[in-house]
There are 2 protein chains.
Amino acid sequence: MAPDRRAATIKDVAAAAGVGVATVSRVLSGTGSVSPATRERVQAAARELDYRPSALGRGLKLRRTGSLGLVLPDVTDPFCAEFTAGVLDCARTLGEHVIVDVSHDDPAREAEIVERFAGQRVDGIIAVPSGDAAGWRAASAVGLPVVFAGRVLDDLPAVPAVLCDDRAGVRAAVDYLVGLGHRRPAFLGGPAPGTAVEVRERAFRDTVAELGAVLDEDLVVRARSGRDSAYAAAAGLFQRRPDVTAVLAAGHVPGEAAVLVAREFDLRVPADVSIVMVDDVPWAELCDPPLTVVSRPARELGYRACEVLRRRPATVGRTPPVVLPAELVVRGSCSPPTGMPGAPPRSSRAR
Amino acid sequence: MAPDRRAATIKDVAAAAGVGVATVSRVLSGTGSVSPATRERVQAAARELDYRPSALGRGLKLRRTGSLGLVLPDVTDPFCAEFTAGVLDCARTLGEHVIVDVSHDDPAREAEIVERFAGQRVDGIIAVPSGDAAGWRAASAVGLPVVFAGRVLDDLPAVPAVLCDDRAGVRAAVDYLVGLGHRRPAFLGGPAPGTAVEVRERAFRDTVAELGAVLDEDLVVRARSGRDSAYAAAAGLFQRRPDVTAVLAAGHVPGEAAVLVAREFDLRVPADVSIVMVDDVPWAELCDPPLTVVSRPARELGYRACEVLRRRPATVGRTPPVVLPAELVVRGSCSPPTGMPGAPPRSSRAR
DNA sequence: CTGAAAGCGCTAACAT
DNA sequence: ATGTTAGCGCTTTCAG
């Protein structure tokens, strides 16, 4: 096993085995027929030389690289991380490599990433898009298969997508809250990376209206991106309206802010204020009380996105999006508002 | 912008601009000299054809792909995610792509990933290794630059590494606990993905001894991988020894277990039991009380690992590992043991 | 069953 | 300043 400076090529193997390169290729790729004798010789030579076919030469010839691009707003976000795990799981079964990069929700940066991925000749791209359609339009025009996850861009309905039924999730949450007796639920919006918060806000508004509860505009607050902004928004809400009895946080960032601010203001959860948060994250269960959440199947979403990408070539025209359900996970952060009868519900998920 | 079935090649651009391929190459790579006139023509043609140089052809010629491999135990782990963000940051400045894959701490799978990365001809590999030296020995024998992070394999001292001074971190934590008056601190070990828990246990033992506190073997427990095992270990500890006044959790998984179990057993933190956890994670600050932790600079570690990889070619022989400090972040989960005077310390990190 | 040869897209001499 | 050419490592007809 000589640690040569340069990796062995197919030629080296051919020479060592005393055959032509074509034969080596056949043996190693299992294509065509080779006599058992030569097959054995070739394999021995390959092993001896520690030969590893170059994906470069291969890709050049085959016009596919066996790798796909994944662009996320932020690897650090629990949802994205879980999503990535799903993509990786599926990619593995497909024998594809995954190139990852983060956009930080910056359209320009996202476009640049797509550009670079295209240069790498990835076989396809999976993205939790940041909102700007321009970069993507170019990409799919070039014929690069793209799959969106967690969100569709209205301007690009032709791009296949795997989504989570956020609308239904928010609906369930509001329904739960109102059912508990909260007449004026508050909404704490804030961009949870890669999610359509607007969709949630709309769902919130619609549901509140449908259920005959009161939609108090003063209780619908939005935060800019970032923890601090979410914290400020939550603080503003609680300060301005000490009468809030329930809040629906549109993502884990505003959710954290709500918990923190409630504690800061010495509000007991759920006695003084009930909290529901969209996105289940590990700490939701560790919180005291454990947080009731709308859980999105992040991992599954990732897996499916990857599957869709593989099937993509077969499909032509606009594919209907894959929609996965969101689940309301009732734990301990909600109870009837003060003055109402009824004990705070216990966790519905056994440990 | 004709959406051709096949992407434009350098030849197409050359033809369109009425020049040779070399000229196109020169213009686009900024190498050599070209007359402003032709440069302009070439650029126009490239733009017109929506030309994107193929990394495949380029890589084949240049013998470098501009991409590096990152192998982690688990993308979902907060430490790994943060580490990845650091790698991505640095890779971006270097213009490198990052192929990610997860080993789940399985040596066989890890070896397979390395093998595949080698086939992809990555320019180098960054790994939070899972413990088995075999696969890595092969890789570095082939001349593939490798950098380890968070851990070195004793069998492979020649592989450069970026580490965190876990030992000092644990030392600081134990010192803090003992200083508070805890005579018999407990240690809750458990494999936090990709970390040398043994190192922490050893540091714990050494420090306890040095400080003249009591090293009670019965209070040193280990868990296998996984949340459930950590939970069981913690439960066992608290049950067997209701007299524990302080526990050092060797990672965020055992840390979570400790918090959960303490709550389960109706032990007040820090009044009844003080808790320090290795690894700072978002929820540590959200916990009530906020958890005192030994924080490892995950992101920085990732960034540095990537830097080291770039410099690698220059260096020959064994490089001394880069060691970054661990920081004890005092929040509110520790106080003197019951019966001792002194108020529980407040968070030292302003919000 | 096997080998020779033609590229895949690009860069870097080497001409001109 | 710019064009020609020889590969980089691989797969795949096309002959034999």
Side-chain angles (χ1 to χ4, degrees), chain A residues 4-43 45-46 49-67 116 118-123 142-143, chain B residues 4-43 45-46 49-67 116 118-123 142-143:
Chain A
D4 298 276
R5 204 75 220 105
R6 282 146 102 98
T9 76
I10 196 173
K11 253 187 216 161
D12 301 326
V13 178
V19 300
V21 292
T23 303
V24 176
S25 177
R26 286 188 195 105
V27 171
L28 268 49
S29 62
T31 325
S33 48
V34 236
S35 80
T38 45
R39 148 167 287 114
E40 192 49 56
R41 277 219 317 288
V42 170
Q43 285 170 334
L49 293 170
D50 196 28
Y51 172 66
R52 241 175 301 273
S54 162
L56 250 37
R58 187 159 214 283
L60 199 52
K61 185 73 200 179
L62 264 34
R63 325 186 120 264
R64 56 182 298 283
T65 53
S67 63
R116 292 178 38 129
Q120 288 289 319
R121 299 293 189 266
V122 295
D123 296 337
V142 179
Chain B
D4 298 277
R5 204 75 219 106
R6 281 146 102 101
T9 78
I10 196 174
K11 253 187 216 161
D12 300 327
V13 178
V19 300
V21 290
T23 303
V24 177
S25 177
R26 286 187 196 106
V27 172
L28 269 49
S29 63
T31 325
S33 49
V34 246
S35 82
T38 45
R39 148 167 288 113
E40 192 49 57
R41 277 221 315 290
V42 169
Q43 285 170 335
L49 294 170
D50 197 27
Y51 172 65
R52 242 176 301 272
S54 162
L56 250 37
R58 186 159 216 283
L60 200 52
K61 183 72 201 179
L62 265 34
R63 327 187 116 262
R64 57 181 298 281
T65 53
S67 63
R116 291 178 38 127
Q120 287 290 317
R121 297 294 189 266
V122 294
D123 296 336
V142 179

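Keep in mind that this is a model prediction, so the values were computed, not measured. Proteins come first, then strands; the chains are lettered A, B, ... in the order of their sequence lines, and each starts at number 1.
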Each nucleotide of nucleotides 6-13 of chain C classed B (base within 4.0 Å of a protein heavy atom), S (only sugar-phosphate) or -, in 5' to 3' order, makes BBBBBBBB
Taken in chain and number order and not counting sequence neighbours, the residues that satisfy salt bridge (Lys or Arg N to Asp or Glu O under 4.0 Å) with B:R52 are A:E115, B:D50
Please set out all donor-acceptor pairs under 3.5 angstrom arising from side-chain atoms of residues 13-29 of chain A, sequence neighbours excluded.
{"from": "A:S29", "atom 1": "OG", "to": "A:S25", "atom 2": "O", "distance (Å)": "2.7"}
{"from": "A:S29", "atom 1": "OG", "to": "A:T31", "atom 2": "OG1", "distance (Å)": "2.8"}

Query raised in the report: When all nucleic acid strands are considered with a 4.0 Å heavy-atom cut-off, which category describes A:G119: base, sugar-phosphate, or nothing?
Result: nothing
Taken to the nearest whole Å, CD/A:E40 to P/C:dT2 is 13 Å
When rounded to whole Å, the CG to C1' distance for the pair B:L28 and D:dT2 reads 15 Å
Would you give me the side-chain donor-acceptor pairs under 3.5 Å for residues 55-65 of chain B, sequence neighbours excluded?
{"from": "B:R64", "atom 1": "NH2", "to": "B:E96", "atom 2": "OE2", "distance (Å)": "3.0"}
{"from": "B:T65", "atom 1": "OG1", "to": "B:S67", "atom 2": "N", "distance (Å)": "3.4"}
{"from": "B:T65", "atom 1": "OG1", "to": "B:S67", "atom 2": "OG", "distance (Å)": "3.1"}
{"from": "B:T65", "atom 1": "OG1", "to": "B:R121", "atom 2": "O", "distance (Å)": "2.8"}
{"from": "B:T65", "atom 1": "OG1", "to": "B:D123", "atom 2": "OD1", "distance (Å)": "3.4"}

| message | C:dT2, OP1 or OP2 - any side-chain N/O from A:S33 closer than 4.0 Å? | response | no
Interatomic distance, CG@A:L49 vs OG1@A:T9, rounded to 0.5 Å, equals 9.0 Å
Computed from five pairs at either end and rounded to 10 degrees, the angle between the axes of the helix from C:dC1-D:dG16 to C:dT16-D:dA1 is 50°
